[in-house]
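What follows is a short report on a single structure.
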Protein chains: 4
Amino acid sequence: MPADVDFKAAKRADLVTHAAEVFARRGYHASTMQDIATQANVGKGTMYEYFRTKEELFLAVYDSWMSDFERAVQERVDAASDAMAKVDAIRDSAVEFYERRAHQAPLLLELWAHALRTDNPAFIERIRQTRTFLAQLGANLTQQLIDAGWFVDIDVDAFALLESGISDGIFLAWVLGGMSFPLNRAYTFRQSVIGLGLLSPTGRAVLEQRLGSKLQKGVSPYTSSK
Amino acid sequence: MPADVDFKAAKRADLVTHAAEVFARRGYHASTMQDIATQANVGKGTMYEYFRTKEELFLAVYDSWMSDFERAVQERVDAASDAMAKVDAIRDSAVEFYERRAHQAPLLLELWAHALRTDNPAFIERIRQTRTFLAQLGANLTQQLIDAGWFVDIDVDAFALLESGISDGIFLAWVLGGMSFPLNRAYTFRQSVIGLGLLSPTGRAVLEQRLGSKLQKGVSPYTSSK
Amino acid sequence: MPADVDFKAAKRADLVTHAAEVFARRGYHASTMQDIATQANVGKGTMYEYFRTKEELFLAVYDSWMSDFERAVQERVDAASDAMAKVDAIRDSAVEFYERRAHQAPLLLELWAHALRTDNPAFIERIRQTRTFLAQLGANLTQQLIDAGWFVDIDVDAFALLESGISDGIFLAWVLGGMSFPLNRAYTFRQSVIGLGLLSPTGRAVLEQRLGSKLQKGVSPYTSSK
Amino acid sequence: MPADVDFKAAKRADLVTHAAEVFARRGYHASTMQDIATQANVGKGTMYEYFRTKEELFLAVYDSWMSDFERAVQERVDAASDAMAKVDAIRDSAVEFYERRAHQAPLLLELWAHALRTDNPAFIERIRQTRTFLAQLGANLTQQLIDAGWFVDIDVDAFALLESGISDGIFLAWVLGGMSFPLNRAYTFRQSVIGLGLLSPTGRAVLEQRLGSKLQKGVSPYTSSK
DNA sequence: GATGAATGAGTCTTCATTCAT
DNA sequence: GATGAATGAAGACTCATTCAT
């Protein structure tokens, strides 16, 4: 029955929300199923009606977050008028996502760590799903900027991958640094550095021939296009 | 007696090495003190003669790694002749460090996650120690490159922080992506993108006035110089 | 639901009974939670569903004993017709309590020792609860005996306290002496000595003026009445 | 060599003194051999040159205390001129002993508890040694008081045993009551109650024939003399 | 004789998961 | 479907004792 399915789905989502709170507050290992059940006002056994294991619940929390994030990004990108605005939309989405979840941020690290350890391939797959989503979006936009004459010719896949890594790296620095600087400033600074380049005219002339070709080779021989 | 101290220190270092292996293989939570003791060919109780808790051992492993890393970076930088070579030295050190410890890399994530959760401030402090070391080194070199006319004027502290974050971000992307591309390629690509800039002459002219000032403002209002 | 509560309370009481057996046989420190769980035919984890710690279980055992004792004393005292009979009732209750629990008696010493060491104030409070109960009962009866003309005027609080201490002291002598004499004989002997006095007419005349006043001053300046 | 023996004996006594401090402060179970060795400024291994086990050390501490106590009592009693003064001397010795060791008192309970549990018969034997010493002293003095006409005829062994038990009982009440009253007041009150008796002339006349014979029967059929 | 490094048996306690109601 | 009582595997940590130096 659709009604039943909807009911179960809604309750499941509710449990995920409460689990997210507890996980974020205490961390994955320190959170007990009892904690979460109590927080969600259900019995401990009920949790197992909706999630086979604690690990599955952990994944559900992450999936919920990333689905929200992807949806938000997609909406903003769709609403943006041109490629430049779409780039800004992605950046703003990321900043907002991280800032609104500042206190949940450490849990992301725990999940990444867990994903690399567990036998369960679903974790790493879910992580890559978002990375792929962002990579395709980024590659697409980069190509548009190249076609429009804004950017020089470049390996768009490698560049999108790099951008994605940089984004996570800034977040990491922000969290490990105690969130002591405004996250959005860091993102715009990053954009400026990469967008404009650091080189003075003199320096640029010298290095142009030495580094120019690398921009087109990109990161990986497997993913390099063009 | 120095002999005693040396002996204890050597044994402690040995235990740390074995602990690093087990931690790297199984992860922090899944590793037991018994595992590590067995690996090190000592009794369980012996571990506690050298480390008060499992957590302290974890920190010792991290400290050992980062001390090695800092030492290696410093040596290479000292050996390099000019600023450009020193920049390459840092990059190469990082790449080597991460590649040689590829299988231990996930443990870094666990440590970061742990550092953000534990009451023990020593973890976050040790992390910041390395970040500070790199930030100062990076700011110093950047300033030299500016003074030498290679780089345009820029907030060197913010830039060093960004570089450090980017470095971790690339590592993260590499690890979470299953180490499916050569790490050193990613680092040189990053260097090219940042060093040369992506903008074509046309694009550069338009954005120069819009973004130029941000390069000098940097990330944080507190650390902005010049 | 009352039914649930009753069920849990009954099970808890059952665990206490089994714990009392094991504690009495092996002593507090030598008894393990596993021992007790096995004795009670439950899993080790079940113990912790009913008692947060081994210490809490220890207190529960003591509380159970003393509640039984207080109930038994109260019943007998209520059933006794006059003050003299009530005094006998208390003595008989104590003798019976200790004799029926002869093999558990050493555990009382362990508990007293523990009560004086632990940070948990509940132990000392529970001990004092019984002492207060007996002290009030004793003071009350003593006052009745004074009013009835049997006893000379005396500090009833101090006397009740003394009696209580003497009672424990006899028990102590009995236990440490290997229970080599009948406990009830010791109690009646004590009663005779105190009740009748040891002094011959000659001795009494001489000491009367030297000691008489002390009877009314009692033990403590704070509690001295009349 | 006597010199060696003396040296060992002195060092042993020193270790006992330090052990007594640690045991008194932390309790027997919570004290570690390391604690004691540190307190005594010797190596952990050295402790085992003087005491085979921790238990043996515990006994040595108790033995040291009780030997001191017995010596003190004997000296005072020897110095007292008549039987009445000797009685006071015993009481004063006990009060002083307990008061000077107020903070060590809980350890006595632990020792008693331990003595009743351990397979090692030396504990219970050492306890009985002191009790025998006091019982003989007490019986002796009581007989003198009877012979001198102060006391009525009574089972002196039973009475001495009772007195000893009462003494411990008062101590127990004092310790468990948080030492909230002056110990010496309790002892003199006890002496008054027992020495003078509580009965008024009327009450005494009625009870004399009912209780009188019991005074001569005493506590135990095994130890009753006369 | 003195030492302290090494040891592992021993114990409390936690908690994910199951399953009878 | 919901529950929570029951469970036992698991693990960090302690500490008396030994013994090589």
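All values derive from a computational prediction rather than experimental measurement. Residue numbers start from 1 in every chain, and the chains themselves are labelled A, B, ... in the order their sequence lines are given, proteins ahead of strands. Only heavy atoms go into these numbers, but all of them, side chains included; no hydrogens, no water, no symmetry mates.
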In whole angstrom, give the distance that lies between atom [atom1] of [X] and atom [atom2] of [N].
X	N	atom1	atom2	result
B/Y50	F/dC13	OH	P	18 Å
B/L57	F/dA12	CG	P	11 Å
C/N41	F/dA5	CG	C1'	16 Å
D/D35	F/dA16	CG	C1'	12 Å
A/L15	F/dA2	CG	C1'	12 Å
C/K8	F/dT3	NZ	P	16 Å

Practice task
With rounding to the nearest 0.5 Å, note down the distance linking CG in C/L15 to CD1 in C/I36.
Solution key: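 CD1 of C/I36 is found 9.5 Å from CG of C/L15.
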Exercise for the section: Measure the CE-CZ distance between C/M47 and C/F51 for me, rounded to the nearest 0.5 Å. Expected result: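 Taking CE in C/M47 and CZ in C/F51, the distance rounds to 6.0 Å.
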Practice task
Determine the interplanar angle of the A/F23 and A/Y28 rings, folded into 0 to 90°, and report it as parallel if under 30°, tilted if 30 to 60°, perpendicular if over 60°.
Solution key: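 A/F23 vs A/Y28 ring planes: tilted.
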Exercise for the section: Please state whether the rings of A/F123 and A/H114 are parallel, tilted or perpendicular, taking 30° and 60° as the class boundaries. Expected result: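 If you compare the ring of A/F123 with that of A/H114, the planes turn out perpendicular.
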Problem - Under-4.0 Å salt bridge between C/K8 and C/E49 - result: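 Salt bridge: no.
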Exercise for the section: Answer yes or no: is there an ion pair linking C/K44 with C/D35, defined by an N-O contact shorter than 4.0 Å? Expected result: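 Between C/D35 and C/K44 there is no salt bridge, as every charged N stays at least 4.0 Å from the carboxylate O atoms.
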Exercise for the section: Establish, with yes or no, whether the OP1 or OP2 oxygen of E/dG1 is under 4.0 angstrom from a side-chain nitrogen or oxygen of D/K11. Expected result: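 False: D/K11 side-chain N/O out of range (4.0 Å or more) of E/dG1 OP1/OP2.
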Exercise for the section: Answer with yes or no whether the side chains of B/Q34 and B/T38 bring together a donor and an acceptor at under 3.5 Å. Expected result: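 Yes - a donor-acceptor pair under 3.5 Å links their side chains.
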Problem - Pairing stems for DNA chain F [at least three consecutive pairs; Watson-Crick or G-U; under 3.5 angstrom] - result: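 Listed by first number, the stems are E:2-21 with F:2-21.
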Problem - Listed partners of C/R128 passing salt bridge (Lys or Arg N to Asp or Glu O under 4.0 Å), at least two apart - result: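 For C/R128, no residue satisfies salt bridge (Lys or Arg N to Asp or Glu O under 4.0 Å) once neighbours in sequence are set aside.
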Exercise for the section: Spell out protein contact along nucleotides 11-21 of chain E as letters: B when the base is contacted, S when just the sugar-phosphate is, - when no protein heavy atom is under 4.0 Å; keep the 5' to 3' order. Expected result: SSBBSSBB---
